K.L.:
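Please see the structure below; I have some questions.
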Amino acid sequence: MRVWSLLLEIKIHWVCITIIVFSCNDIKDTSTSEHKTDTVNVYVPRIAYGFLLDTFTVFEDTIKPGMTLSHLLAPHGISQQDINKAAMLAADSAFLKFVTDGKPYMILSSIRDTSKKAQYCIYDKSKTEYVIFDFTQDVKVSRVQRPVTTNIKKISGIIVKNSNLVNTLKKSVNDENLAGELAEAIASIYAWTIDFFKLYPDDYFKIIYEEKSVEGTPFGIGKIYAVFFYNINQGYYAFRFEQDGEYAYYDEQAKGMRRAFLKAPLKFSRISSGYNLKRFHPVDKVWRAHLGTDYAAPAGTPIMAVGDGVIEAATFSQYNGNYVKIKHSNTYQTAYLHMSKFASGIRAGVKVKQGEVIGYVGSTGLATGPHVCFRFWKNGRQIDHLKEKFLSSDPVKNQNLNDFFKLRDSIKPMLDSLQPL
């Protein structure tokens with residue numbers, strides 16, 4: 001007997017569920033049939049900073065130039081007395097002394113309050129933390145840190161023509177800020193052995209490091225465990241190793257990476273004119289010796305002392321402009337010319353450490369543009385510092401050599417297996 005379709009409708013609140021039962025004889029190909037499917041509305045709550053936003057009236061904006069905490073809170077019904085109290089609590093418990101242009105903030109007020117007076121203000125201080133101002137009863141301020149995830153990353157890159165370390169790293173990590181942080185760290189590791197103003201096409205690097213991220217978005221780097229940098233037909237390994245509570249970088253033979261002098265007084269720039277016994281002067285238009293190395297860089301770029309020493313002069317002259325001269329030993333002296341200004345506290349007789357900022361790039365004196373003319377003396381005679389060989393710092397201590405070589409042997413194969421991309 002033919003069994004007719006049985007239609008059963010069950011209505012539950014506003015959701016209609018249709019169940020259709022057919023006999024086996026009535027089952028047909030329904031690929032071309034029209035079907036009506038009821039839509040079920042699913043509630044998806046809006047949650048941010050730990051608040052259910054659907055239960056508040058929400059106002060969102062970013063900090064404008066010149067804004068203070070008063071500018072931020074006063075338009076939302078917070079009294080100046082409470083603003084002053086919030087400012088003091090923020091400086092004490094949230095390490096927040098001022099708000100920064102461009103940072104986002106959110107104001108939450110009660111849906112039932114037609115005045116829209118702020119109950120909470122959330123200031124997004126950084127990628128890793130935000131500050132909550134609570135005005136529901138007594139004024140409270142709390143700093144909330146977002147969970148940070150750390151992952152081990154392995155990257156590599158090849159320097160191409162007309163490129164540099166930062167741009168090459170950017171291709172590997174796909175983030176400009178992360179690339180800049182990595183480049184600065186790599187330049188610091190190799191500050192004594194590689195001249196980053198002389199990178200060539202087909203130079204390459206391999207890096208094993210920690211990448212920090214919040215909610216899946218990378219924001220910074222942690223430890224750099226190992227690096228291999230190939231520059232001008234020579235490869236340089238660097239391994240991070242801790243001893244006596246401090247860490248430093250050592251080559252594959254356990255020799256220290258540090259040297260008595262940095263390769264350059266700037267971290268990143270370009271050599272606009274090298275040491276040359278016969279150069280055509282761009283201002284005087286005559287041929288004469290150029291007994292220094294010119295590093296072109298934007299005005300205001302920090303200039304570092306290349307080694308420990310005592311300042312012999314920090315003054316101005318007609319041709320040198322603002323310049324600093326440092327005595328490092330009875331053998332070596334250095335000078336830094338054409339500064340826009342000196343760093344705070346820099347004057348004759350002051351001791352400085354390697355890497356300490358002593359001034360800023362400018363174009364004072366006889367100069368055609370912003371740069372620092374770096375000069376280097378050995379036994380009273382100016383030399384090309386880039387051709388000078390300096391001894392390395394202390395190696396890994398004998399009692400720690402076994403531990404170092406175990407570390408090296410566990411990481412080096414990973415570095416070697418990376419293919420430069």
Side-chain angles (χ1 to χ4, degrees), residues 159 164-165 187-201 203 229-236 257-284 286-297 301-313 317 319-339 352 354-356 358-359 361-363 365-393:
I159 306 295
N164 55 37
L165 180 58
S188 297
I189 292 171
Y190 290 104
W192 302 270
T193 50
I194 294 177
D195 182 4
F196 284 91
F197 309 105
K198 281 189 174 183
L199 294 182
Y200 294 89
D203 284 357
F229 209 109
Y230 184 84
N231 172 244
I232 315 179
N233 300 320
Q234 186 172 350
Y236 301 89
M257 300 293 290
R258 289 180 61 94
R259 301 290 189 275
F261 296 100
L262 302 176
K263 276 285 187 178
L266 304 177
K267 286 188 176 179
F268 295 103
S269 183
R270 63 181 178 86
I271 294 177
S272 54
S273 181
Y275 183 95
N276 194 334
L277 295 178
K278 190 176 182 181
R279 182 191 71 156
F280 187 74
H281 197 280
V283 178
D284 292 340
V286 296
W287 292 92
R288 68 160 67 113
H290 183 243
L291 302 180
T293 302
D294 289 347
Y295 293 95
T301 300
I303 300 170
M304 303 176 295
V306 296
D308 297 349
V310 177
I311 297 177
E312 290 188 311
S317 73
Y319 298 110
N320 294 341
N322 294 319
Y323 75 96
V324 170
K325 190 171 185 180
I326 301 175
K327 181 178 181 179
H328 301 282
S329 66
N330 291 331
T331 302
Y332 297 111
Q333 293 171 296
T334 57
Y336 315 76
L337 284 54
H338 310 303
M339 293 180 173
V352 291
Q354 186 180 72
E356 182 177 343
I358 57 175
V361 169
S363 54
L366 195 62
T368 57
H371 74 286
V372 56
C373 178
F374 176 65
R375 305 207 167 200
F376 197 101
W377 285 264
K378 180 179 181 180
N379 294 322
R381 184 173 64 88
Q382 290 192 60
I383 64 169
D384 183 355
H385 74 289
L386 295 175
K387 294 181 179 179
E388 190 74 4
K389 300 294 183 182
F390 300 105
L391 296 176
S392 64
S393 60

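Only heavy atoms go into these numbers, but all of them, side chains included; no hydrogens, no water, no symmetry mates. Just so it is clear, the structure is predicted and the values come from calculations on it, not from any experiment.
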K.L.:
Given side chains that start at C-beta, do those of Arg259 and Thr193 come closer than 4.5 Å, heavy atoms only?
P.N.:
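A side-chain contact under 4.5 Å exists here.
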K.L.:
Can you tell me how far the CH2 atom of Trp192 sits from the CZ atom of Phe261, to the nearest 0.5 Å?
P.N.:
13.5 Å
K.L.:
Tell me the closest heavy-atom pair linking Val352 and Ala305, and the distance in Å.
P.N.:
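Residues Val352 and Ala305, closest heavy atoms: CG2-CB, 4.2 Å.
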K.L.:
Before you tell me yes or no, could you show the steps for Phe390 and Tyr332 under side chain to side chain contact (heavy atoms under 4.5 Å, CB included), namely the whole-Å CA-CA distance, both residues' side-chain angles and the distance that decides it to 0.1 Å?
P.N.:
CA-CA 12 Å; Phe390 300 105; Tyr332 297 111; 3.9 Å; yes
K.L.:
What are the two closest heavy atoms between Ala297 and Leu266, and how far apart are they?
P.N.:
CB-CD1, 3.8 Å
K.L.:
Minimum heavy-atom separation for Ile383 and Glu388, please, with both atom names.
P.N.:
CD1-OE1, 3.5 Å
K.L.:
Please walk me through it: do Leu262 and Met304 pass side chain to side chain contact (heavy atoms under 4.5 Å, CB included)?
P.N.:
CA-CA 9 Å; Leu262 302 176; Met304 303 176 295; 4.1 Å; yes
K.L.:
Checking Lys325 against Trp377: charged group under 6.0 Å from the ring centre and within 45 degrees of the axis?
P.N.:
yes
K.L.:
Would you say that Val372 contacts Asp294 through its side chain, given a criterion of any heavy-atom pair below 4.5 Å between the two side chains?
P.N.:
no
K.L.:
For the CG atom of Asn322 and the OG atom of Ser317, what is their distance to the nearest 0.5 Å?
P.N.:
9.0 Å
K.L.:
How are the rings of His385 and Phe376 set relative to one another: parallel (under 30°), tilted (30 to 60°) or perpendicular (over 60°)?
P.N.:
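Rings of His385 and Phe376: parallel, as their planes differ by under 30°.
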K.L.:
Using the rule side chain to side chain donor-acceptor pair (under 3.5 Å), only one of Glu312, His328, Arg375, Lys378 pairs with Gln333; which is it?
P.N.:
Glu312
K.L.:
Applying ring pair (Phe, Tyr, Trp, His ring centres under 6.0 Å), name anything that partners Tyr236, two or more places apart in sequence or on another chain.
P.N.:
none
K.L.:
Looking at side-chain heavy atoms only, is the closest gap between Phe196 and Phe229 below 4.5 Å?
P.N.:
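Phe196 vs Phe229: side chains touch.
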K.L.:
Rounded to the nearest 0.5 Å, how far apart are CD of Gln354 and CG of Asp308?
P.N.:
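Atom-to-atom, Gln354:CD and Asp308:CG are 6.0 Å apart.
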K.L.:
If every non-hydrogen atom of Lys327 is compared with every non-hydrogen atom of Asn330, which pair is closest and at what distance?
P.N.:
NZ-OD1, 3.6 Å
K.L.:
Got His338 and Tyr323 here, is their nearest side-chain heavy-atom distance under 4.5 Å?
P.N.:
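No - every pair of side-chain heavy atoms lies 4.5 Å or more apart.
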K.L.:
Which pair of non-hydrogen atoms, one from Ser363 and one from Pro370, has the smallest distance, and what is that distance?
P.N.:
CB-N, 3.8 Å
K.L.:
So Phe374 and Tyr336, would you call those rings parallel, tilted or perpendicular, with 30° and 60° as cut-offs?
P.N.:
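Ring orientation of Phe374 relative to Tyr336: tilted.
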K.L.:
Nearest 0.5 Å, what's the CD1-CD1 distance between Ile358 and Ile303?
P.N.:
6.5 Å
K.L.:
Can you tell me how far OH of Tyr295 sits from SG of Cys373, rounded to the nearest 0.5 angstrom?
P.N.:
10.0 Å
K.L.:
For a quick test of reading the model, state the closest non-hydrogen atom pair linking Ile159 to Leu199 and the distance between them.
P.N.:
CD1-CD1, 4.3 Å
K.L.:
Between atom CD1 of Ile232 and atom CG of Asp195, what is the distance when rounded to the nearest 0.5 Å?
P.N.:
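Answer for the CD1-CG pair, Ile232 versus Asp195, is 7.5 Å.
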K.L.:
Find out whether Thr368 and His371 are in side-chain contact, i.e. whether some heavy atom of one side chain is under 4.5 Å from a heavy atom of the other.
P.N.:
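In short, these two side chains do not touch, never coming nearer than 4.5 Å.
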